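One structure is given below, encoded as structure tokens.
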Amino acid sequence: MPNKSRSPSDILRTTFKIPNREQVPKCEVDLEMTSEKRVAVIGAGASGLTAIKCCLDEGITPVCFEKTDHIGGLWHYTDDPQDGQACVMKSTVINTSKEMMCYSDFPIPREFPVFMHNKYVLRYFNLYAENFNLTQHINFQTEVVSIKQNKNFKDNGCWDVKTRDLKTGHTQEETYDGVLVCTGHHADKNVPKFPGLDRFKGEIVHSHDYKTLTGYEDKRIVVIGIGNSGGDAAVELSRVANQVFLSTRKGSWIVNRIDSYGQPVDMVRTTQFMFWLKKNIVPEAVITKIIEAKLNQRFDHATYSLKPDFPPLAAHPTVNDDLPNRIISGNVIIKPDVKRFTESAVEFDDGTAEDDIDVVFLATGYIFGFPFLDKSVLEVKENRVHLYKWMFPPDLEHDTLAVIGCIQPLGAIMPISEQQCRLYARVLKGKVKLPPPDVKWQDIKEKVTDMAKHYVKSQRHTIQVNYVDFMNELAILNGNCPNLVRLFFKDPRLAMNCFFGPCTPYQYRLQGPGRWRGARQCILTQWERTLYPLKTRPVKNPPRESQALFFLFFLIIVGVFTITVHLLFMR
């Protein structure tokens, strides 16, 4: 258990084995201050914090506005959630491993668990904010009322931001050179209209408002929705409830956090090599079959009534380690979509019904939007928004406003938000020039087409991105994408770790603007930090085989497989 009294300096000394603060590697940033710019940052959550830091790195003055009295956004647990303010459940554990989700120049302490409970996530955000002195730039309990183009926007690209002090009610309006909207996509509750739901006399609760098990003992509960929130709630409630029914319209593929040999699944599967294979060598149909076989090896999805009628890569997966165990023990019963409600019962699409239902739990997601922004700037319809690189409104004369973190990645969101902010800061400083509107729209249309091609049509699949693909895309535009071919001739050990190993955020600090001298060491020691919290009892462990021999053998297998696939598909 980490010592709460440890300072960020202590954390860094432990992480890098550095004797004193003065020797901690620093980011190489350009602090040219020919004309200081001010940027309004909306929100102090996971995206807002890194937005502040990235602005500071480029010599831009950030002014952050946060409605609450704390940082961390939805990761700050509270027993009293407010409408429009997302909040995790008390038991929530993050779905991405710590090395994959950290900011690229500030590793998560090695003592922290591999998959962190929300209290550790929040603790990390506080360490990050303290280390880089971010909180001094945050105006807490301040609501953004409106953001409008300045009357001279065509000439200056500035924005008029009106805010309200929630303690005093005082409002004020100031002009900023840019705006970063970091409010995320977990905003207002999505409550579907089921026939008869208004007649139901039991309790109706949305996942936004659920926090603990208290009050659900011995209840008969229907959970609607099999996303991550629905799966987590069904598992947790089933430990105290009389019976939990989990209703799903389409089913879902269930992914475990833990892969073979107990390794974090995202560190094993999210690699530059895997991305390269999928993009250039192995047909998607083959990859899909391999993933489906792997998932069914753990438990057969059809037998457990969970198998959807689409392949694994066609929808955002549900990450849940315990659901199969709760199903096989009878504590959770999978049901089809709800047809209608009565005063005390639920009828399902297959004609079956369950009586004496006490609670209906709506795990039906969120509807996001930006009410403080004029629709002429940015409009959201059914969770669909048109943004270049999921950031920039394409038709503005000046690229001075960006939306950060409004994405649903197959991977961690924090590094993507950071990379978006790094790009934005350099665009605002004039160091990166974005293409004209027609090229932006072409990019947007290609992404929409690609999403429709690969994903099941759903309100959930409107802002999907692939972690490695999108990180590389942003980094290429910004000039900090690692050139692994060049790196191989300069530092083959590091290049092999980058290509075959986990695509951790440190890779995007190796080269280009914002490079960081600590990135190489972080990459070479990432597995050591990952496994450190598990080393709580000394055990004998046989020496591992040579990594070089393993890679050589792996390359031979891949070569043989590639040639075989090529010959089969060329016939």
Side-chain angles (χ1 to χ4, degrees), residues 39 42 47 51 147-150 152-159 177-185 187 275 279 314 316 367-410 413 416-417 419-481:
V39 168
I42 318 304
S47 297
I147 300 174
K148 298 181 296 184
Q149 293 177 342
N150 182 263
N152 298 318
F153 181 81
K154 289 185 178 181
D155 296 322
N156 61 23
C158 291
W159 298 85
D177 298 288
V179 173
L180 282 169
V181 180
C182 304
T183 52
H185 56 86
F275 169 69
K279 187 174 182 179
H316 200 82
I367 300 172
F368 68 84
F370 311 101
F372 44 78
L373 266 176
D374 190 89
K375 290 184 178 180
S376 63
V377 176
L378 186 62
E379 185 174 12
V380 181
K381 292 183 178 180
E382 297 179 340
N383 279 11
R384 298 181 186 276
V385 61
H386 298 304
L387 294 167
Y388 176 65
K389 304 304 179 188
W390 302 107
M391 293 177 59
F392 297 99
D395 292 325
L396 294 178
E397 293 93 339
H398 300 277
D399 296 308
T400 53
L401 180 142
V403 178
I404 304 299
C406 190
I407 46 176
Q408 182 74 45
L410 291 173
I413 196 171
I416 295 178
S417 292
Q419 184 62 51
Q420 287 183 319
C421 291
R422 291 174 67 184
L423 173 61
Y424 170 85
R426 284 174 45 78
V427 168
L428 191 69
K429 294 283 285 189
K431 298 174 182 177
V432 174
K433 184 173 178 58
L434 300 184
D438 60 328
V439 178
K440 292 177 183 174
W441 274 110
Q442 182 61 33
D443 183 81
I444 291 170
K445 290 173 182 176
E446 287 175 359
K447 283 181 168 52
V448 171
T449 301
D450 187 64
M451 200 179 308
K453 178 181 175 182
H454 288 92
Y455 290 95
V456 174
K457 186 178 180 180
S458 167
Q459 185 168 285
R460 190 184 185 193
H461 301 131
T462 57
I463 50 175
Q464 291 289 136
V465 298
N466 179 280
Y467 175 83
V468 178
D469 189 7
F470 194 50
M471 283 289 283
N472 287 347
E473 188 177 329
L474 292 171
I476 289 170
L477 189 57
N478 190 53
N480 66 290
C481 191

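Computed from a predicted structure; not experimentally measured. Residue indices begin at 1 and follow the sequence shown.
Using modelled atom types, no side-chain atom of Tyr388 and backbone atom of Pro437 make a donor-acceptor pair closer than 3.5 Å. Between the side chain of Tyr467 and the backbone N or O of Ile413 there is no donor-acceptor pair closer than 3.5 Å. Under a 3.5 Å cut-off, the side chain of Asn478 and the backbone N or O of Asn480 do not form any donor-acceptor pair.
Salt-bridge check for Lys389 with Asp443: passed, with a basic side-chain N closer than 4.0 Å to an acidic carboxylate O.
Minimum heavy-atom separation, Gly405 to Ser417: CA-OG, 3.5 Å. In terms of heavy atoms, Leu387 sits closest to Pro393 at CD2-N, 3.6 Å.
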| request: Would you check, one step at a time, whether the test side chain to side chain contact (heavy atoms under 4.5 Å, CB included) holds for Leu373 with Leu401? | output: CA-CA 11 Å; Leu373 266 176; Leu401 180 142; 3.9 Å; yes
| task | Please test Val427 against Phe392 for side chain to side chain contact (heavy atoms under 4.5 Å, CB included), starting from the C-alpha separation and ending with a verdict. | result | CA-CA 11 Å; Val427 168; Phe392 297 99; 4.3 Å; yes
| request: Verify side chain to side chain contact (heavy atoms under 4.5 Å, CB included) between Ile42 and Cys182, making sure each step is shown before the conclusion. | output: CA-CA 5 Å; Ile42 318 304; Cys182 304; 5.7 Å; no
| Between Leu428 and Thr400, is a side chain to side chain contact (heavy atoms under 4.5 Å, CB included) present by the stated rule, with each step listed? | CA-CA 6 Å; Leu428 191 69; Thr400 53; 3.8 Å; yes
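Put simply, CH2 on Trp390 and CD1 on Ile407 are 9.5 Å apart, with the number rounded to the nearest 0.5 Å. Note that the OG atom of Ser376 and the NZ atom of Lys148 stand 11.0 Å from one another [nearest 0.5 Å]. The distance from the CD1 atom of Ile416 to the OG atom of Ser47 is 10.0 Å, given to the nearest 0.5 Å. Note that CG of Asn152 is 11.5 Å distant from NZ of Lys154, once rounded to the nearest 0.5 Å. Atoms CE and CG, on Met471 and Asp469 in that order, are 11.5 Å from each other to the nearest 0.5 Å. Expressed to the nearest 0.5 Å, how far NZ of Lys447 lies from CD of Glu473 amounts to 3.5 Å.
Residue pairs satisfying the salt bridge (charged side-chain N to carboxylate O under 4.0 Å, His left out) criterion with at least one member in residues 392-403, sequence neighbours excluded, are listed as follows: Asp399-Lys440.
For the side chain to side chain contact (heavy atoms under 4.5 Å, CB included) test with Trp441, the passing option among Pro435, Pro394, Pro436 is Pro394; the others fail.
Ring geometry, Phe153 versus His398: the interplanar angle exceeds 60°, so the pair is classed perpendicular (tilted spans 30 to 60°).
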